[in-house]
Amino acid sequence: MTVTGISSIFGRLFRHDKTHKCIIRTQPKTSVTHQILDHLEGGNISKAVSVLFASPEPVAYWLYERLFRSCSSKSLIVQARKVESHLLTFSPLPPIFLLNRAIEAYGKCGFVNDARELFEQMPERDGGSWNAVITACAQNNVPDEVFRTFRRMNRDGIRATETSFSGVLKSSGLILDLRLVRQLHCAVMKHGFSGNVDLETSIVDVYGKCRVMSDSRRVFDEIQNPSDVSWNVIVRRYLEMGDNDEAVVMFFKMLELNVRPLNHTVSSVILACSRSLALEVGMVVHAIAVKLDFVPDTIVSTSIFDMYVKCGRLERARKVFDQTESKDLKSWTSAMSGYAMSGMTREARELFDLMPERNIISWNAMLGGYVRASEWDEALDFLNLMRQEIEDIDNVTLVWILNVCSGKSDVQMGKQAHGYIYRHGYDTDVIVANALLDMYGKCGSLQSANVWFRVMSELRDEISWNALLTGLARVGRSEQAISFFEGMQLEAKPSKYTLATLLAGCANIPALNIGKATHGFLIRNGYEIDIVIRGAMVDMYSKCRCLDYAIEVFKEAATRDLILWNSIIRGCCRNGRSKEVFELFMLMEDEGVKPDHVTFLGILHACIREGHVELGFKYFSSMSTKYLILPQVEHYDCMVELYCKYGCLHQLEEFLLLMPFDPNIQMLSRIYGACQNYGWQKLGAWAAKRLNE
DNA sequence: GTAGGGTTAG
């Protein structure tokens with residue numbers, strides 16, 4: 001034991017001695033003490049504090065301490081302040097440890113300023129005081145103050161303890177400064193805490209939060225006996241990095257070592273399975289969870305439910321939910337929003353209506369479901385209901401409302417929302433502000449979007465730039481988009497999505513030069529040309545009538561997905577190179593990529609151009625027989641065009657008989673025209689009659 | 001020491 005350790009024990013003994021004297025000296029007020037104790041034991045802390053506050057005499061120090069601790073555990077700020085006030089009234093120089101308890105209480109209640117003020121006013125402090133104020137700031141997410149205090153503490157020669165480091169590490173998880181984290185890691189080692197599981201776990205956590213999993217994992221592997229929390233942290237960090245596989249691997253390692261997982265760990269692993277759609281592994285983890293008796297755990301069963309929803313196993317999901325015994329507000333909301341965010345608004349609403357209680361988050365989740373599913377009228381109805389049932393809406397509600405305005409292209413409603421946002425001070429919330437910008441862009445009010453973008457000035461971020469850029473590109477104002485793109489680079493780093501938007505903008509006008517410049521920018525700045533960008537480039541070049549470049553870009557792809565194939569196939573059609581479409585289709589099949597309805601639109605258009613009537617019908621039939629794709633109106637449209645254009649009216653008549661729906665106006669007028677051309681009176685008359693109807 | 005629910009662009 002260190003010298004300071006011993007002296008502090010003596011200090012405490014000495015203080016107890018004083019406490020003792022205090023009780024003896026104040027014999028008459030033991031009744032006050034008893035009353036306070038009675039109230040504390042009955043859980044009525046407010047009452048206990050009231051009794052204290054009314055007492056014209058001090059009580060024993062140990063009782064003050066108990067009161068502070070009670071206030072901490074129940075977050076009673078007013079009561080904590082009363083206790084401090086009473087204490088200082090009767091003992092202007094109370095023992096340090098008591099004031100430390102007060103600081104802790106203020107911290108737990110979320111009142112950092114009270115904690116700091118008291119700390120600054122203390123005539124004398126011990127290591128505990130420093131720790132108390134650091135912990136208070138750390139708990140309340142005031143990292144700057146934590147570091148300031150920590151540096152001051154070191155300057156004053158106060159030795160950092162485990163508690164100080166745990167506060168500082170927690171704060172460094174908020175600001176994510178890797179250099180700082182490395183320094184702290186060294187400091188922890190230098191102070192001789194290298195065998196301390198808790199601190200090592202914190203270090204694993206902050207490296208992970210800084211997204212440096214190699215270091216995080218190295219520190220983890222060095223821990224002698226990782227605790228359940230250590231395992232929880234490493235699994236969680238892998239999950240958050242998107243490394244779902246490693247999260248699962250670590251979970252199974254933990255089981256091998258016979259460490260019982262925490263409920264949060266099980267929940268993280270299930271989330272990992274759900275995110276990678278690894279249903280089979282997920283079901284194994286589900287079985288493990290059952291075996292380890294986690295079924296009654298709300299957190300675990302909620303994540304199992306969510307996994308089954310995301311993997312499309314609705315019946316299983318519902319079974320898990322119905323079997324969950326203890327459901328709280330969070331698990332109800334989570335389950336309901338699982339449906340809502342997967343587009344199953346009907347199921348979501350069913351749960352929503354069953355919920356025993358709801359808060360703003362539940363309301364927002366349901367509303368978000370309608371918005372995501374583009375069910376605008378349902379969303380509006382729901383908003384009306386919401387207005388009747390709950391008092392307030394918040395920033396999230398506003399974002400969904402703005403989405404409804406965009407969806408309905410209702411700029412009037414959007415402006416009303418803008419007014420509300422302004423009046424209630426939500427205009428400084430960057431997410432709301434960006435949603436507003438997006439709304440103006442999607443409603444085609446580029447003027448308003450521009451104005452608002454300028455008003456946002458200080459607030460705006462990369463998303464704001466992208467939102468405006470998308471708005472401009474959407475209406476084909478690509479020159480303006482590119483000049484914004486130049487402005488953007490002074491403020492924010494364009495993401496690959498920005499560039500994809502820009503390329504789409506070039507494709508629309510079409511603007512080959514800007515498109516080429518964008519291509520060059522991507523290469524010069526070392527952007528990863530992923531499948532999305534590549535698709536945008538193929539599309540841009542083919543729309544700019546530069547098919548050879550498109551083919552070049554297409555060929556360079558290491559992997560090709562359906563969308564990329566579709567882009568090049570449509571590009572060939574668009575540029576009159578229909579013959580190559582059939583070749584491409586064969587290559588696509590060879591690579592094992594399954595065509596979809598878009599692919600077939602391209603093929604049928606190629607048949608129309610090339611006059612392949614028989615082949616066109618063969619492809620059309622193969623859609624349902626070989627590829628199990630239900631032909632849509634557009635495909636029937638193509639077939640009608642094919643038959644009409646080449647005068648195959650016999651086949652057309654047969655085809656029309658098999659068509660599962662009524663011909664639309666476009667088809668009818670095409671048929672009518674063809675019959676006129678080829679003198680096919682009966683069918684022509686029929687088409688004319690239908691047209692008149 | 002960690003820790004389950006709703007939020008913006010593409």
Side-chain angles (χ1 to χ4, degrees), chain A residues 138 162-163 165-167 169-170 173 196-206 208-209 223 226-237 240 262-268 270-271 297-306 327-338 340-341 348 355 358-369 371-372 394-403 406 426 429-439 441-442 460-471 473-474 492 494-505 532-533 536:
Chain A
E162 180 185 347
T163 314
F165 275 117
S166 97
L169 284 168
K170 184 180 163 68
N196 186 312
V197 185
D198 296 348
L199 288 183
E200 284 178 318
T201 301
S202 282
I203 295 171
V204 172
D205 192 40
V206 282
K209 281 182 177 156
I223 301 179
S227 66
D228 45 6
V229 177
S230 320
W231 286 101
N232 184 54
V233 165
I234 195 80
V235 168
R236 184 80 203 173
R237 297 279 73 92
E240 243 138 61
L262 296 170
N263 54 354
H264 281 103
T265 318
V266 180
S267 153
S268 296
I270 290 171
L271 192 58
D297 187 281
T298 321
I299 295 172
V300 171
S301 41
T302 304
S303 40
I304 295 174
F305 168 88
D306 192 62
K327 295 181 202 100
D328 61 7
L329 179 59
K330 278 188 179 181
S331 60
W332 272 99
T333 308
S334 169
M336 185 266 290
S337 81
M341 291 301 128
M355 285 175 78
R358 310 178 183 100
N359 63 5
I360 182 74
I361 295 185
S362 354
W363 282 91
N364 283 342
M366 188 62 238
L367 177 63
V371 173
R372 283 269 177 93
D394 69 0
N395 49 350
V396 179
T397 324
L398 284 166
V399 168
W400 291 129
I401 292 177
L402 289 168
N403 274 310
S406 320
Y426 286 112
D429 179 323
V430 70
I431 296 182
V432 175
N434 282 340
L436 196 52
L437 190 60
D438 176 56
M439 181 276 295
K442 284 197 175 128
R460 66 196 179 205
D461 61 3
E462 189 210 331
I463 292 178
S464 329
W465 284 94
N466 281 344
L468 187 60
L469 206 76
T470 310
R474 188 194 304 270
S495 70
K496 56 181 183 180
Y497 298 111
T498 318
L499 292 150
T501 308
L502 204 60
L503 286 168
V532 176
I533 298 276

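The chains referred to below are lettered A, B, ... by the order of the sequence lines, with proteins before strands, and numbering in each begins at 1.
Using a 4.0 Å heavy-atom criterion, one finds that A:Arg460 contacts no nucleic acid atom at all. Here A:Lys442 lies in heavy-atom contact (under 4.0 Å) with sugar-phosphate atoms only.
For A:Ala473, the side chain to side chain contact (heavy atoms under 4.5 Å, CB included) partners at least two apart in sequence or on another chain are A:Thr501. When the side-chain hydrogen bond (donor to acceptor under 3.5 Å, both in side chains) test is applied to A:Lys496, the partners found at least two apart in sequence or on another chain are A:Asp530. For A:Ser337, there are no side-chain hydrogen bond (donor to acceptor under 3.5 Å, both in side chains) partners two or more places apart in sequence or in a different chain. Under the side-chain hydrogen bond (donor to acceptor under 3.5 Å, both in side chains) criterion, A:Trp465 pairs with A:Glu491, not counting sequence neighbours. Contacts of A:Lys209 classified as side-chain hydrogen bond (donor to acceptor under 3.5 Å, both in side chains), with partners at least two apart in sequence or in another chain: A:Asp205.
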Could you run through nucleotides 1-7 of chain B and give me one letter per nucleotide, 5' to 3': B if any protein heavy atom sits under 4.0 Å from the base, S if only the sugar-phosphate is that close, - if neither?
BBBBBBB
